[in-house]
Visitor: 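First the structure, which I've put down as structure tokens, then a few questions once you've had a look.
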Amino acid sequence: MLKNKEIAQLFTKFADILEFQGENVFKINAYRKASRVISDSIEDIEILWKEKRLSELSGIGKALQEKISEYIQTGKVGAFENLIAEIPEELFTLLSIQGYGPKTAALAHKELNVETVEDLQRVLEDGRLAALPGMGAKKIMNLKKGIEFLKSVSDRFSIAAVLPVVGAIIDHMQNHKEPLINRILPAGSIRRFKETVHDIDILAESDKSRDTIKHFLSFPAIRRKIGAGQTKASVLLEDGLQVDLRVVPSGSFGAALQYFTGSQAHNVRVRELARKKGLKINEYGVFQQERQIAGESEAEVYQSIDMPFIAPELREDRGEIEAALENRLPDLIEITDIKGDLHIHSLYSDGHMSIAEMAGHLRDFGYEYAAICDHSKSAFYANGLSEERLWRQQDEIRALNQQYTDFTLLSGIEVDILPDGTLDFSDNVLEQLDFVIASIHSAFKSDPTLRIMEAMKNPFVDVIGHPTGRLISRREAYSVDMKTIIDMAVKTGTALEINSFWDRLDLNDIHSKLAVESGVKLAINTDSHHDQHLEMIQFGVGTARRGWCSKLDVINAWDLKRLKDWQKRNRL
DNA sequence: GCCGTTTTCGGCCCGACTGTTTTCAGTCG
């Protein structure tokens, strides 16, 4: 799947170049769409090419097929090479500066030969940029701030880091001496539950938009205002997060929420469909000529184009439009469907709480069962269990279970998949445990796909833990061929984990969708090492929803009896 | 550059805010 990423990046880059050169915007959009479709595709583009199935991807016509073909065969695209030679090396960094778009970049390049951020800084300081047409004092000042911002922050934040900030802003907005707001909700990629987001979008319904904006600008953690008008405001927080607030009047909230939730690709499809029906959709409603026919609720907006409500997590133009039109949207899993957590650590390995403490918290959390799955003996970095300590732990779990009538603790293990593909405990040991997760924790370069396949063949392995090993913004996934693994999981009846830890979310949304469509079962676990980690189940469920999962697909959304029945089938 | 029960040519989602402008281009989402 490496080629998918490379080609997607190449097309995005090419779109930026075309924009810089003032090309037709529709051509530019065609490249951007192609890039998105390719990076979202679960099929390896190299295989699609080999099987002459590139045209199955929407938005890939003759010209782009030829470019993809050329790239796969030669490692480059001639037409791009020529263009890249003509543009400044740092163009892509320059374009990421707020307020420095393709037109300004082209002007500065043509007139002042600005090719790097340093060049730009120089012409900002010495007044030469200000001398160009359309470059006033404010524009210059904003570009200076833009450069400062670029240097100060990373471009994406994890959803886990952002949600508490969202809560604080909403609290602030609702806390005003006279009520300003009827309704307020996060929108954008947060509402779609993407694993990382680059800003916070918040939508408020108010008939006092001016006061609402003013109150928003008094939020304490604001570093500076980016812009503020009658109906929207953008600010930068101290930690580098951008927050956009949009205020709409009563009667438009649903349409605005639909618009502001995105994704952009999803909205483009929705609005296209509306146009074909002679309707116009904008953030104020659905309009027939000048007359508003919907907009109070999101459901109304979808209904106006003959669709059922589409859950925010699905709105990525990954097939949800077609599914909605054919009335075959999935019945998505809810957080309240989760009946137990099958991946919990304790003091026996690298957890921070005793088994009794964790069990109490799990029960209080509302679960019917949980599996203690500490690390196995080779995981010495995590204080992995020897066989002897494992049995002592099992005794403790059995004793604890005597105290509960409404909660069951399973005695499990997170057994290491060793570099040669064997497991860290023998079948004799695994057989005596209630639940077995097998995970890779070392030797990432030593063929992970093959090792996971071997582990799945073991009849006592119930789940493969964090199957790709990626750590968001820190470590790439090890090179696993997910299609092969999923095919094997179908054969062996092994479940795959969605690890809910905020920096894992592994499987991710796209892999989860592929798994579910193939009939593979999933386990949504937190991998908790502390009771506070239990809350992270929301991120796993969010990822599962983005992966089109229903509660029928998730083994820990089943009651314990069904889970055990499934295990027995799996172990035959 | 893509695409087609309105089209193989002529469309392609839609609007807010900013700054520098006397009516709009550029940028952003």
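Residue numbers start from 1 in every chain, and the chains themselves are labelled A, B, ... in the order their sequence lines are given, proteins ahead of strands.
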Visitor: Using atom C1' in both nucleotides, what's the gap between dT20(B) and dG26(B) to the nearest angstrom?
Guide: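 11 Å, rounded to whole Å.
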Visitor: Using whole Å, report how far CG of Leu279(A) lies from P of dC13(B).
Guide: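 Leu279(A) atom CG is separated from dC13(B) atom P by 16 Å.
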Visitor: Can you see if the side chain of Arg275(A) gets near the phosphate of dC12(B) - specifically, an N or O under 4.0 Å from OP1 or OP2?
Guide: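 Affirmative; the distance criterion is met.
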Visitor: Check every strand shown and say whether Ala228(A) touches a base, only sugar-phosphate, or nothing at a heavy-atom separation below 4.0 Å.
Guide: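 Sugar-phosphate contact only - Ala228(A) comes under 4.0 Å of backbone atoms but never of a base.
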Visitor: For Leu143(A) and dG19(B), what is the distance between atoms CG and P respectively, to the nearest whole Å?
Guide: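 One finds 11 Å between P of dG19(B) and CG of Leu143(A), rounded.
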Visitor: Under 4.0 Å between a side-chain nitrogen and a carboxylate oxygen: does that hold for Lys280(A) and Glu290(A)?
Guide: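 Between Glu290(A) and Lys280(A) there is no salt bridge, as every charged N stays at least 4.0 Å from the carboxylate O atoms.
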Visitor: Check whether any side-chain nitrogen or oxygen of Asn282(A) sits under 4.0 Å from OP1 or OP2 of dC13(B), and answer yes or no.
Guide: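 Checking Asn282(A) against dC13(B): no side-chain N or O falls below 4.0 Å of OP1 or OP2.
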Visitor: Using atom C1' in both nucleotides, what's the gap between dC12(B) and dT7(B) to the nearest angstrom?
Guide: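 12 Å, rounded to whole Å.
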Visitor: In terms of side-chain heavy atoms of Gln230(A), which of dC13(B), dC2(B), dC17(B) is nearest?
Guide: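 Looking only at side-chain atoms, Gln230(A) lies closest to dC17(B).
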Visitor: Would you mind pulling out the nucleotide paired to dC24(B), Watson-Crick or G-U wobble, both distances under 3.5 Å?
Guide: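 Paired with dG19(B).
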Visitor: I'd like to know if the side chain of Ser550(A) pairs up with that of Asp331(A) as donor and acceptor (distance under 3.5 Å, no hydrogens or angles considered).
Guide: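 Result is no, nothing qualifies.
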Visitor: Considering only dG1(B), dA16(B), dC13(B), which nucleotide approaches the side chain of Glu272(A) most closely?
Guide: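 Nucleotide nearest to Glu272(A)'s side chain: dC13(B).
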Visitor: What distance, rounded to whole Å, do you find between the two P atoms, one in dC13(B) and one in dC2(B)?
Guide: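 The answer is 16 Å between these two P atoms.
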Visitor: Using whole Å, what does the distance between atom C1' of nucleotide dC2(B) and atom CD1 of Ile68(A) come to?
Guide: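 Roughly 13 Å, once rounded to whole Å.
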Visitor: Distance alone, cut at 3.5 Å: any donor-acceptor contact between the side chains of Ser263(A) and Arg315(A)?
Guide: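 Arg315(A) and Ser263(A) do not have a side-chain donor-acceptor pair below 3.5 Å.
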Visitor: Should Glu272(A) and Lys276(A) count as an ion pair when the cut-off is N to O under 4.0 Å?
Guide: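 Looking at Glu272(A) and Lys276(A), the cut-off is not met.
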Visitor: How are the rings of His172(A) and His215(A) set to each other: parallel, tilted or perpendicular (split at 30° and 60°)?
Guide: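 Rings of His172(A) and His215(A): parallel, under 30°.
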Visitor: If you look at every strand shown and take non-hydrogen atoms under 4.0 Å, does Ile28(A) touch a base, only sugar-phosphate, or nothing?
Guide: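 Nothing, no heavy atom under 4.0 Å.
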Visitor: How close or far is atom C1' of dC14(B) from atom CZ of Phe26(A), stated in whole angstroms?
Guide: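 Phe26(A) atom CZ is separated from dC14(B) atom C1' by 12 Å.
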Visitor: What's the gap between dT21(B) and dT27(B) when it is taken at their C1' atoms, as a whole Å value?
Guide: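 Their C1' atoms lie roughly 16 Å apart.
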Visitor: Is the shortest side-chain N/O distance from Ser58(A) to OP1 or OP2 of dC2(B) below 4.0 Å?
Guide: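 So the side chain of Ser58(A) is outside the cut-off, no N or O lying under 4.0 Å from OP1 or OP2 of dC2(B).
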Visitor: Specify the separation, in whole Å, of atom CZ of Arg210(A) and atom P of dC17(B).
Guide: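 Distance check: Arg210(A) CZ to dC17(B) P gives 11 Å.
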Visitor: Might you confirm whether atom NZ of Lys208(A) has over 12 heavy atoms from other residues, nucleotides or ligands at distances under 6.0 Å?
Guide: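 Yes, because the 6.0 Å sphere around NZ of Lys208(A) holds more than 12 heavy atoms from other groups.
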Visitor: Scan Asn142(A) against the nucleic acid and name what it touches under 4.0 Å (heavy atoms): base, sugar-phosphate only, or nothing.
Guide: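 Result for Asn142(A) = sugar-phosphate.
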Visitor: Less than 4.5 Å apart, any side-chain heavy atom of Ser158(A) and any of Glu195(A)?
Guide: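 Of all side-chain heavy-atom pairs linking Glu195(A) with Ser158(A), none is under 4.5 Å.
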Visitor: For Ala34(A), report the nucleic acid contact type (base, sugar-phosphate, nothing); a contact means any heavy atom under 4.0 Å.
Guide: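 Counting heavy atoms under 4.0 Å across all strands, no contact is made by Ala34(A).
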Visitor: Looking across every strand, which nucleic acid part, if any, lies under 4.0 Å from Lys277(A) by heavy atom: base, sugar-phosphate, or nothing?
Guide: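 The answer is nothing, as Lys277(A) stays clear of every strand by at least 4.0 Å.
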Visitor: Output yes when Glu46(A) and Arg53(A) qualify as a salt bridge under the 4.0 Å nitrogen-oxygen rule, no when they do not.
Guide: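 The answer is no: the pair does not qualify as a salt bridge.
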Visitor: For His266(A) and dC14(B), what is the distance between atoms NE2 and P respectively, to the nearest whole Å?
Guide: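 Computing the His266(A):NE2 to dC14(B):P distance gives 15 Å.
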Visitor: Nucleotides 27-29 of chain B: which of its N/O atoms have a protein N/O under 3.5 Å away?
Guide:
{"unit_1": "dT27(B)", "atom_1": "OP1", "unit_2": "Gly101(A)", "atom_2": "N", "d": "3.0"}
{"unit_1": "dT27(B)", "atom_1": "OP1", "unit_2": "Gly101(A)", "atom_2": "O", "d": "3.2"}
{"unit_1": "dT27(B)", "atom_1": "OP1", "unit_2": "Thr104(A)", "atom_2": "N", "d": "3.0"}
{"unit_1": "dT27(B)", "atom_1": "OP1", "unit_2": "Thr104(A)", "atom_2": "OG1", "d": "2.4"}
{"unit_1": "dT27(B)", "atom_1": "OP2", "unit_2": "Lys103(A)", "atom_2": "N", "d": "3.1"}
{"unit_1": "dC28(B)", "atom_1": "OP1", "unit_2": "Gly99(A)", "atom_2": "N", "d": "2.8"}
{"unit_1": "dG29(B)", "atom_1": "N2", "unit_2": "Tyr259(A)", "atom_2": "OH", "d": "3.4"}

Visitor: Determine the minimum heavy-atom distance between Arg546(A) and Arg318(A), stating which atoms define it.
Guide: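 Result for this residue pair: NH2-NH1, 3.9 Å.
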Visitor: Given atom CZ of Arg269(A) and atom P of dC13(B), what is their separation to the nearest angstrom?
Guide: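 Rounded to whole Å, this separation is 11 Å.
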Visitor: Mind checking the C1' distance from dG11(B) to dT6(B)? Whole angstroms is fine.
Guide: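 dG11(B) and dT6(B) have their C1' atoms separated by 12 Å.
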Visitor: For dG15(B), take OP1 and OP2 only and decide whether either is under 4.0 Å from a side-chain N or O of Lys280(A).
Guide: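 Lys280(A) to dG15(B) OP1/OP2: side-chain N or O found under 4.0 Å.
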Visitor: dC14(B) and dT8(B): how far apart are their P atoms, nearest whole angstrom?
Guide: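 Looking at atom P only, dC14(B) and dT8(B) are 22 Å apart.
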Visitor: Which sits closer to the 5' end of DNA chain B, Lys225(A) or Tyr31(A), going by the nucleotide each is nearest to?
Guide: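 Looking at DNA chain B, the more 5' nearest nucleotide goes with Tyr31(A).
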